[in-house]
Amino acid sequence: MNMKIKINKNIWIVGLITVIFFVLYIQYRYTKQSLIRAQQNKDISKTFLIRDKFRSILNDAEIEFRVNLNSNIKALKDVYSLYKNIETFNPNNIAKLLNKKYPGIGKYEVFVIDRNYKIVKSSYKPDEGYDLGIFPAFKKMLDKIFKGKQKTSISYIHLDIASLNLKRYFLILSPDKKYILQVAYVIDMYPKAQEDYYKLKANFKELEDIKVYFIDKYFIYPINMEKRYFKKLSLNSLTKLSFK
């Protein structure tokens, strides 16, 4: 009888200990999951904060592009009227004229594209010699202008991978119909982006790195926030960033 009571008591103690350990394990799992979720939510909040910082810079630039749209179109018309022939057409001088005539946050660049889709003259030297025909979407757009299906074209906002400036392009067929005249309106957003980048790194010291990318309709551009490239990527390198 005493042996039976002792066995039952031992079973009861073992059962109680098992229940206690089970409850503690459940509490541990719950606490661990709660801490993980809290950390994940904290990380997500940081991610959104970082994203919104850089998005606000792009939003400000987009407003600037929109505000200057009419002036940009007038600048394109000026370039068209100033073109006499390819020999006397000087993109550097015309870009200076446009920047003086239409002062603002943005600056103007001027380009000439031949029927082989190459940039043969440019006030922005890193682009000279570039073959835009290597990109199907660009080639299709240029063909529409060369074939007279479209009188002018206004691009979406691009990121120039060399200067890390934002650019919007305006295109029109030259009076002699041999070339496409292109005007770029350029906004330098890099100093502000770099300033915010270093502030974020200082505020979130636990972050090993902050990687920033600019994604447009056709490309994913990695942005070096430590320094500008100041070197144009080769066409082969640039096509690797392309969706199409």
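Just so you know, residue 1 is the first one in the sequence shown, and it goes up from there.
Shown here for Leu76 and Leu171, the closest heavy-atom pair between the two residues is CD2-O, 3.8 Å.
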Step-by-step side chain to side chain contact (heavy atoms under 4.5 Å, CB included) determination, Leu159 to Leu166: CA-CA 5 Å; Leu159 179 75; Leu166 293 173; 3.9 Å; yes
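For Phe89, the ring pair (Phe, Tyr, Trp, His ring centres under 6.0 Å) partners at least two apart in sequence or on another chain are Tyr83. Here Lys199 pairs with Glu195 under the side chain to side chain donor-acceptor pair (under 3.5 Å) rule; sequence neighbours left out. Remark: Tyr198 pairs with Glu226 by the side chain to side chain donor-acceptor pair (under 3.5 Å) rule, at least two apart or across chains. In this structure, the side chain to side chain contact (heavy atoms under 4.5 Å, CB included) partners of Lys139, at least two apart in sequence or on a different chain, are Tyr117, Asp143. Checked against side chain to side chain contact (heavy atoms under 4.5 Å, CB included), Ser81 has no partners two or more places apart in sequence or in another chain. Listed by chain and residue number, Asp176 satisfy the side chain to side chain donor-acceptor pair (under 3.5 Å) test with Ser174 (two or more places apart in sequence, or in another chain). Checked against side chain to side chain contact (heavy atoms under 4.5 Å, CB included), Lys125 has the following partners two or more places apart in sequence or in another chain: Asn92, Glu128.
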What pairs of donor and acceptor atoms, side-chain ones from residues 148-156 against any protein atom, are under 3.5 angstrom apart with sequence neighbours left out?
residue: Gln150; atom: NE2; partner: Thr152; partner atom: O; Å: 2.8
residue: Ser155; atom: OG; partner: Tyr169; partner atom: N; Å: 2.8

Show me the donor-acceptor pairs within less than 3.5 Å that the side chains of residues 181-193 make with the rest of the protein, sequence neighbours left out.
residue: Tyr185; atom: OH; partner: Asn68; partner atom: ND2; Å: 3.4
residue: Tyr185; atom: OH; partner: Gly106; partner atom: N; Å: 3.1
residue: Asp188; atom: OD1; partner: Tyr190; partner atom: N; Å: 3.2
residue: Asp188; atom: OD1; partner: Arg228; partner atom: NH2; Å: 2.2
residue: Asp188; atom: OD2; partner: Arg228; partner atom: NH2; Å: 3.2
residue: Tyr190; atom: OH; partner: Gln194; partner atom: NE2; Å: 3.4
residue: Tyr190; atom: OH; partner: Asn224; partner atom: O; Å: 2.7
residue: Tyr190; atom: OH; partner: Met225; partner atom: O; Å: 3.4
residue: Tyr190; atom: OH; partner: Lys227; partner atom: N; Å: 3.3
residue: Lys192; atom: NZ; partner: Asp196; partner atom: OD1; Å: 3.4

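Cluster annotation: Val110 and Leu69 are assigned to the same hydrophobic cluster (Ile/Leu/Val/Met/Phe/Trp/Tyr, side-chain heavy-atom contacts under 4.5 Å, transitive). There is a path of hydrophobic side-chain contacts, each under 4.5 Å, that joins Val112 to Ile134.
Note that the CZ atom of Arg66 and the CZ atom of Arg168 stand 8.5 Å from one another [nearest 0.5 Å]. Between atom CG of residue Asn72 and atom OH of residue Tyr102 there is a gap of 9.5 Å, rounded to the nearest 0.5 Å. Leu82 CG to Asn90 CG: the interatomic distance, rounded to the nearest 0.5 Å, is 11.0 Å. Once rounded to the nearest 0.5 Å, the distance linking OH of Tyr197 with CD1 of Ile223 reads 11.5 Å. In this structure, Ile172 CD1 and Ile180 CD1 are separated by 10.5 Å, a value rounded to the nearest 0.5 Å.
Counting heavy atoms from C-beta on, the side chains of Ile113 and Tyr130 never come closer than 4.5 Å. Inter-residue side-chain proximity for Asn116 and Asp131 is flagged as unmet; no heavy-atom pair is nearer than 4.5 Å. The side-chain heavy atoms of Leu58 and Arg55, taken from C-beta on, include no pair separated by under 4.5 Å. When side chains are defined from C-beta on, Tyr80 counts as touching Pro175, because their heavy atoms get closer than 4.5 Å. The shortest side-chain heavy-atom distance between Asp127 and Asp160 falls under the 4.5 Å cut-off.
Residue Ile86 qualifies as enclosed at atom CD1: its count of foreign heavy atoms under 6.0 Å is above 12.
Within the structure, the salt bridge (Lys or Arg N to Asp or Glu O under 4.0 Å) test picks out the following pairs touching residues 107-121 (sequence neighbours left out): Glu109-Lys167. Listed by first and then second residue, the salt bridge (Lys or Arg N to Asp or Glu O under 4.0 Å) pairs that reach into residues 85-105 are Asp78-Lys101, sequence neighbours excluded.
Other residues sharing a hydrophobic cluster with Val67 under the 4.5 Å side-chain heavy-atom criterion for ILVMFWY residues are Ile63.
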